[in-house]
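First up is the structure itself, then whatever we jot down about it.
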2 protein chains.
Amino acid sequence: MRVAEGQRADLSPRKLVDAMVSEGVLTAPDSPRGRLLNAAARLFEQKGFTRTTVRDIAAEVGILSGSIFHHFASKEDILRNVMLEVVQYAQARMIHAVARAPTPRDKLRACIRCELEAIHGLAVPGFSILVIEWRSLSAQSQKQVLKLRDAYEATWCEVIDAARPGVDPALTRRLLVGALIHTHSWFKPRGKGLSLEELAEQVLQTFAPE
Amino acid sequence: MRVAEGQRADLSPRKLVDAMVSEGVLTAPDSPRGRLLNAAARLFEQKGFTRTTVRDIAAEVGILSGSIFHHFASKEDILRNVMLEVVQYAQARMIHAVARAPTPRDKLRACIRCELEAIHGLAVPGFSILVIEWRSLSAQSQKQVLKLRDAYEATWCEVIDAARPGVDPALTRRLLVGALIHTHSWFKPRGKGLSLEELAEQVLQTFAPE
DNA sequence: TTGATAACCAAGCGCTTGCTTGGTAGCGTT
DNA sequence: AACGCTACCAAGCAAGCGCTTGGTTATCAA
């Protein structure tokens, strides 16, 4: 695992996905199952889980609704798998970004950028589902996803602790993730206002003033 | 309006509600319509709008599902009215709290406490619906609620601007509301850990360090 | 006493939902 | 040629959904 992460340190997004597919962590995006997961992620993010029907997802990839259940046991099973792949890809991306940043403060900035890019669909389609649709998951599925999310959060806390020794990293992270996720409902990265990089800098200034 | 707010400056929560009921802003909580709104607010907050059925709401107040439509035009009409009353009550409460706080920093602390109490159901049941269930509202209902929400946000921005001159109050408010709302999914005010007042202080320290 | 009104019940309609079933076309392997 | 496997279709079921309809009861003013 550690070795694999190290080996991936200089990979492009495309190659990172390929590597994770070979490891069996992600589903190949051009497979029927992968196309369904991607379509579901897009729709869940756009309309929400309950407002997205299996017929919507099927139509998105050009099959009939019943055929979905050849690939997944239930609608919730789709959501569960979306979350599992999303959280693992997001963490791989973040580890990659952290490794490239020199100073503790640069590492924190990289994490913030990383998550903002994920939230706004520029890098990890479906990331915001992890937070927004948490209640749509059954208790035991939550447990399963939580294990991987804990690892993701642990990485964050390490970075925060290094950049801001003294403050409570867990609390800071919780306030931070709320602030970042909420940008989903007001920030438009393609707009002519604030750019994503500028927003990241403002967030860094707020949570870790120089 | 200004006069009414001034007159309410020393009122208890109970009397504040009564005053707003007489003004026609809120529905009397012990009326059939009021009971339905309160039950709906609780359920929407607990399970989400789409996962709450009109049968759930009806059962909560002890009537049959069809009877709901004697009081409301549609299920969305219930959500709209919940939001309209919630945002107006929340603002009245906040104005009240701000008026009692002496310094700009105290006013900001009061706002943070106010909103935390609202989010965690200690003062304004259904407050988190305003943010979480925004997408469940039709476009024209959003427009209607937005007018009142803008007033609420404007009050916030004034307080932020006074406490932290120089920083962008709108951006700060957006990051802050995200951080606060997200506490809904991890902070338990009745737990033995952090108290709500302590949490408010930590948030104040983060967004407005001395 | 009458009539208006608010609040509700009983029953169910029309639609959408997640999901099931039985079958088939295409493909690579032996 | 026969087989097995993956991916899918065609059709529809059972349940749940928001909402409608027609009628009943209680309250209160005129």
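Numbers restart at 1 for each chain; the letters A, B, ... are given by sequence-line order, proteins then strands.
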For A:F187, all residues meeting ring-ring contact (aromatic ring centres under 6.0 Å, His included), sequence neighbours excluded:
A:H120
For [X] and [N], what is the distance between atoms [atom1] and [atom2] respectively, to the nearest whole Å?
{"X": "B:K75", "N": "C:dC15", "atom1": "NZ", "atom2": "P", "result": "19 Å"}
{"X": "B:R51", "N": "C:dG18", "atom1": "CZ", "atom2": "P", "result": "12 Å"}
{"X": "A:I63", "N": "C:dT24", "atom1": "CD1", "atom2": "P", "result": "20 Å"}
{"X": "B:I68", "N": "D:dG18", "atom1": "CD1", "atom2": "P", "result": "9 Å"}
{"X": "B:E76", "N": "D:dC17", "atom1": "CD", "atom2": "C1'", "result": "16 Å"}
{"X": "B:I57", "N": "D:dG18", "atom1": "CD1", "atom2": "P", "result": "8 Å"}
{"X": "B:L64", "N": "D:dT25", "atom1": "CG", "atom2": "C1'", "result": "14 Å"}
{"X": "B:L36", "N": "D:dG18", "atom1": "CG", "atom2": "C1'", "result": "15 Å"}

Starting at the 5' end of DNA chain C, which residue's closest nucleotide do you reach first, A:F49 or B:S65?
B:S65
How do A:T53 and A:A73 order along DNA chain C: which one's closest nucleotide is nearer the 5' end?
A:T53
Donor-acceptor pair under 3.5 Å: do we get one between B:R55's side chain and the base of D:dG18?
yes
Could you tell me whether B:T52 contacts a base, only the sugar-phosphate backbone, or nothing, with contacts defined as non-hydrogen atoms closer than 4.0 Å?
sugar-phosphate
A:Q88 (side chain) donor-acceptor with A:L84 (main chain) under 3.5 angstrom:
yes
Hey, does the side chain of A:H71 come within less than 4.0 Å of D:dC8's phosphate (OP1/OP2), counting only N and O?
yes
For C:dC9, does OP1 or OP2 lie under 4.0 Å from any side-chain N or O of B:S67?
yes
With no hydrogens and no angle check, do the side chains of A:R135 and B:S185 hold a donor and an acceptor under 3.5 Å apart?
no
Checking side-chain polar atoms at under 3.5 Å, does A:S74 have a donor or acceptor matched by the opposite partner on A:D77?
no
Among C:dG18, D:dT6, D:dT20, the one nearest B:F69 by side-chain distance:
D:dT20
Got a second to check how far B:F72's CZ is from B:L37's CG, nearest 0.5 Å?
3.5 Å
Nearest non-hydrogen partners of B:E198 and B:S195, listed with the distance
OE1-N, 2.9 Å
Yes or no on side chain to side chain contact (heavy atoms under 4.5 Å, CB included) for B:L108 and B:W156, after CA distance, side-chain angles and deciding distance?
CA-CA 8 Å; B:L108 180 55; B:W156 259 102; 3.9 Å; yes
Consecutive-pair stems (3 or more, Watson-Crick or G-U, under 3.5 Å) for DNA chain C:
C:1-30 with D:1-30
